[in-house]
There are 2 protein chains.
Amino acid sequence: MTAASITQATLALGDREGEKAMSMRRIAAELGCDPMAIYRHFPNREALLDAVADSVVAEVPAPGGGGPWDERIRVVLTGMRAVALRHPGIAGHIASRPPLGPCGRRVAGELFVALAEAGLAPGDVVRAFQALIAYAAAGLRMAVDAGVQDRRWQQVSAAMEGLPGEALPVVGSAEQFDYGLRLLLSGIRLEGERAAG
Amino acid sequence: MTAASITQATLALGDREGEKAMSMRRIAAELGCDPMAIYRHFPNREALLDAVADSVVAEVPAPGGGGPWDERIRVVLTGMRAVALRHPGIAGHIASRPPLGPCGRRVAGELFVALAEAGLAPGDVVRAFQALIAYAAAGLRMAVDAGVQDRRWQQVSAAMEGLPGEALPVVGSAEQFDYGLRLLLSGIRLEGERAAG
DNA sequence: ACCTGAACACCGTTCAAGT
DNA sequence: ACCTGAACACCGTTCAAGT
């Protein structure tokens, strides 16, 4: 019974049975221990889920050092989305509380470096970073909820006149995510050029 | 006991005592009725919260018809954020499930029209719309969580080298939200010009 | 001192029993 | 047929009692 074994069991349970299965009682049952035994390694459920989230973020690929800054940001953020969706149980948690453990900080560091390379002023690096993380979290949430929300979203889109109902991009899809990410990166590129020139 | 009176009581309870106070039992106590009485007007708690969310979105200001498309988008989305933050109990729900009731559809319609005016192709209107809504939802969530997360976010920002710790924008602030929104709008403007020219 | 599990204070929702 | 509230199947966390 270590913090790592609890984290691992929680992740496995979430992968298998979803978000709601990761309750203190169910996790304890999975480990064959008393629910209270978990509190010896984590102060509360939130802290445990943070640890699980960070363990998932560890899988996010590191972009090669050489490429252009915008491509590196795309690799990191689409990687984060893909990795989170491979673990459906914890994906919702990652989407609502961007993980800030050691692995989360590594990813954050990569984004900071790339944004500085884009030519942004230090304060704007932080602002753009937060905007990117916010967008990534929201894109992930849309993907997580897609099963539930798709029909509702399609309703809204279809209700708008003059739009071909059949050509609509799927809500929460990788393509949709990438489109918005490219919009943000265009805005950042422009801002960096403005600051530099 | 109408759907409207239940919605109103739920909103008042949430404003007063926060998200967790809006339980079926607490709402029933507020109304002086049996918890099950609510189920005659709403199939479940989710549907009730959707109705509350939509009633809040009714307060979102309509932009004047005349202004430029990007300014109108800013008015609508910053208005949505401000309105939601005036109702802290339901703000979290609005952030995670963009409201798609009648009032939500009115707001969506305004965004669609503005994006078409920007010169985007129909399919890209939908894509950009989803990106904007995702960003708005995420910005709202950051504002809602600011009390909880601020210190954690500041940690990450402060951990990055070469950044002046004192000049950091406040996480979830209106200023931070506006910065990211302007990045997206820059990207959209560029895309519209590219499609037109 | 450490650990356990019973108990507390809740949930959303079902459903049988009453009118 | 309509309505009520007891009951079901859960929660996260506290804390007293045991070792």
Side-chain angles (χ1 to χ4, degrees), chain A residues 1-54 88-94 96-97 99 144-145 147-149 152, chain B residues 1-54 88-94 96-97 99 144-145 147-149 152:
Chain A
M1 273 287 283
T2 62
S5 73
I6 296 169
T7 304
Q8 201 184 343
T10 305
L11 181 61
L13 194 57
D15 287 353
R16 234 188 311 122
E17 303 191 44
E19 194 160 10
K20 280 160 62 176
M22 299 185 300
S23 73
M24 299 305 262
R25 284 164 150 96
R26 294 287 306 275
I27 296 161
E30 180 89 352
L31 289 159
C33 74
D34 191 272
M36 287 316 296
I38 300 168
Y39 284 86
R40 207 156 253 327
H41 298 92
F42 298 96
N44 51 43
R45 182 169 179 266
E46 187 74 9
L48 168 53
L49 293 187
D50 284 347
V52 173
D54 202 61
I90 199 70
H93 186 80
I94 293 174
S96 55
R97 325 250 128 136
V144 169
D145 291 348
V148 182
Q149 297 213 310
R152 306 205 319 171
Chain B
M1 274 285 285
T2 61
S5 72
I6 295 169
T7 303
Q8 201 184 340
T10 305
L11 180 60
L13 193 56
D15 286 353
R16 234 190 309 124
E17 303 191 44
E19 194 161 10
K20 280 160 64 178
M22 299 184 299
S23 73
M24 300 304 263
R25 285 166 150 95
R26 294 287 307 275
I27 296 161
E30 180 89 353
L31 290 160
C33 74
D34 191 273
M36 287 316 296
I38 299 168
Y39 284 86
R40 294 154 72 17
H41 299 92
F42 298 96
N44 50 44
R45 182 169 178 265
E46 186 75 9
L48 168 54
L49 293 187
D50 283 348
V52 173
D54 203 60
I90 199 70
H93 186 80
I94 294 174
S96 56
R97 324 251 129 135
V144 169
D145 291 349
V148 183
Q149 296 213 310
R152 309 205 317 169

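All values below come from the heavy atoms of this structure, side chains included, with hydrogens, waters and symmetry mates left out. Letters go in sequence order (proteins before strands), and every chain restarts at 1.
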message = Is there a side-chain contact between Met22(A) and Leu11(A) in this structure, where contact means two heavy atoms from C-beta onward sitting under 4.5 Å apart?
response = no
key: Summary of salt bridge (charged side-chain N to carboxylate O under 4.0 Å, His left out) pairs that have at least one residue in residues 1-16 of chain A, sequence neighbours excluded   = Arg16(A)-Glu30(A)
Contacts of type side-chain contact (heavy atoms from CB on, under 4.5 Å), residue Gln8(B), not counting sequence neighbours = none
ask   = What residues form a side-chain contact (heavy atoms from CB on, under 4.5 Å) with Ala4(A), not counting sequence neighbours?
value = Thr2(A)
inquiry  = My understanding is that only residues two or more places apart in sequence, or in another chain, count here; which of them pass side-chain contact (heavy atoms from CB on, under 4.5 Å) with Asn44(B)?
reply    = Glu46(B), Ala47(B)
inquiry  = Using the C1' atom as the point on both nucleotides, what is the distance between dT13(D) and dT13(C), in whole Å?
reply    = 23 Å
ask   = Taking protein heavy atoms under 4.0 Å as touching, what does nucleotides 6-19 of chain C look like 5' to 3' if B marks base contact, S marks sugar-phosphate-only contact and - marks none?
value = -B---BBBBB----
ask   = side-chain contact (heavy atoms from CB on, under 4.5 Å) with Thr7(A): which residues, sequence neighbours excluded?
value = Phe42(A), Leu48(A), Ala51(A), Val52(A), Ser55(A)
P spacing across the pair dC10(C) / dA9(D), given as an integer number of angstrom = 22 Å
inquiry  = Whole angstroms only, please: what is the CZ-C1' distance between Arg40(A) and dA1(C)?
reply    = 10 Å
message = Distance check needed: dC2(C) C1' versus His41(A) NE2, whole Å only.
response = 13 Å
inquiry  = Among residues at least two apart in sequence or on other chains, which ones pass salt bridge (Lys or Arg N to Asp or Glu O under 4.0 Å) with Glu17(B)?
reply    = Arg26(B)
task = Can you sort out the partners of Arg45(B) under salt bridge (Lys or Arg N to Asp or Glu O under 4.0 Å), two or more places apart, ordered by chain and number?
result = none
inquiry  = Only Watson-Crick and G-U wobble pairs with both distances less than 3.5 Å should count. Give DNA chain D in dot-bracket notation, marking inter-strand partners with |.
reply    = ||.|||||...|||||.||
query = Once you round it to whole Å, what is the distance between P of dT4(D) and CG of Leu31(B)?
reply = 13 Å
